[in-house]
Amino acid sequence: MTDGAPLPDLTQPATVVAPALVGCTLVRRYGDGTVVRGLIVETEAYEPGDPACHGYRRRTARNGVMFGPPGTCYVYLIYGIYHCLNIVTDGVDVPSAVLIRALALDRLPPDLPPQQATPPHRVAAGPGKLCRTLAIDLTHNGTPLGPQSCLDLAPRRDPTYPLVQTTRIGLTQGTDLPWRWYLQDHPAVSKKG
DNA sequence: CTCACGATTGGA
DNA sequence: CCAATCGTGAGC
């Protein structure tokens, strides 16, 4: 008796995978065996031909993972402070990834750093906050998702989700592309849209 | 080699 | 509105 619900096919373009990942669960396994699950409530897609995509110009040391196989994690440092987690999609040599922007956690992680200003249900509401909360950093760049990995995906349970599609947040280029998706009215979404 | 800047966040 | 903070990469 296996779980019938399949994961999204990660070999597709990011604009196809991004909406399909909303409602799936990101699994974070810690070294001590602790497991924290987060419902993916918000994503953005980045593809070739998209001026906001890190792989838009060429392959570099930083964005190399984006050009690798689908199902791996692309993590980068932004503003020298925060990390952002992406799931690489599409084929090898195709720079395509889905930014995980917000999670609804099933529990608070162990050794959670002081976040007194943030309500518990909002500790993973934003790409930088979710990486900080789940202790995801550059050491996870290139990590393959999977049952043996510290990062994994689990399929949707409830197939009926009110998805909203809007433009992406915080960009200076490609601001017109409607490549952001989120669960309507979900309290863990990073910002109103 | 240099230097302006960013897929963010929290505080003024 | 604005600063924090640093790796990256485009340009000289």
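For the numbers below, each heavy atom of this structure counts, side chains included, while hydrogens, waters and symmetry mates do not. Proteins come first, then strands; the chains are lettered A, B, ... in the order of their sequence lines, and each starts at number 1.
Residue A:Y56 contributes atom OH, which lies 19 Å from atom P of B:dC5 at whole-angstrom precision. In this structure, CG of A:L130 is placed 12 Å from P of B:dG10, rounded to the nearest angstrom. The interatomic distance linking A:L21 (CG) with B:dA7 (P) rounds to 20 Å, in whole Å. A:E47 has its CD atom 15 Å from the C1' atom of B:dA7, to the nearest Å. In this structure, the NE2 atom of A:H54 is 10 Å from the C1' atom of C:dT8, given to the nearest Å. Nucleotide C:dT5 holds its P atom 6 Å from the CD1 atom of A:I81, rounded to whole Å. As rounded to whole Å, 14 Å separates atom C1' of B:dT8 from atom CZ of A:R122. With rounding to whole Å, A:D137 atom CG is found 18 Å from C:dT5 atom P.
Distance noted for atom C1' between C:dG7 and B:dG10: 22 Å (whole Å).
Between the A:S149 side chain and the A:G146 main chain, no donor and acceptor come within less than 3.5 Å of each other. In this structure a side-chain-to-backbone donor-acceptor pair under 3.5 Å is present from A:S96 to A:A14. No donor-acceptor pair under 3.5 Å is formed between the side chain of A:R37 and the backbone N or O of A:R107.
With A:S190 as reference, A:R101 is the one residue of A:R101, A:K129, A:R122 to meet the side chain to side chain donor-acceptor pair (under 3.5 Å) rule.
The environment of A:R59 atom CZ is dense: over 12 non-hydrogen atoms of other residues, nucleotides or ligands sit within 6.0 angstrom. Under a cut-off of 6.0 angstrom, the local environment of CG in A:D111 is sparse, with at most 12 non-hydrogen atoms contributed by other residues, nucleotides or ligands.
Looking at heavy-atom distances under 4.0 Å, A:R58 makes contact with sugar-phosphate atoms alone, never a base. In this structure, A:G128 reaches the sugar-phosphate backbone alone: every heavy-atom distance under 4.0 Å involves primed, P, OP1 or OP2 atoms, never a base. When heavy atoms are screened at a 4.0 angstrom cut-off, A:R168 is found touching no nucleic acid atom at all.
Between A:I78 and A:T60, the residue anchored closer to the 5' end of DNA chain C is A:I78, taking for each the nucleotide with the nearest heavy atom.
Contact annotation: A:R62 reaches the phosphate of C:dG9 (side-chain N/O to OP1 or OP2, under 4.0 Å). OP1 or OP2 of B:dT8 lies within a sub-4.0 Å distance of a side-chain N or O belonging to A:R101.
A distance cut-off of 5.5 Å between ring centres, combined with a plane angle under 30°, places A:Y46 in a stacking arrangement with the base of B:dA7. In this structure, A:Y79 packs face-to-face on the six-membered ring of B:dT8, meeting both the 5.5 Å centre cutoff and the 30° plane limit.
At least one side-chain heavy atom of A:T43 sits under 4.5 Å from a side-chain heavy atom of A:I100. With contacts defined as side-chain heavy-atom distances shorter than 4.5 Å, the pair A:L151/A:I136 qualifies.
In DNA chain B, runs of at least 3 consecutive Watson-Crick or G-U pairs, each pair with both distances below 3.5 Å, span B:1-6 with C:6-11, B:8-11 with C:1-4.
Of the candidates B:dG10, C:dA4, B:dT9, B:dG10 carries the atom nearest the A:T118 side chain, counting heavy atoms from C-beta on. The side chain of A:L77 approaches C:dC6 more closely than any other nucleotide in the set B:dT8, C:dG9, C:dC6. Comparing atom distances between the A:K191 side chain and each of C:dT5, C:dA10, B:dT9 picks out B:dT9 as nearest.
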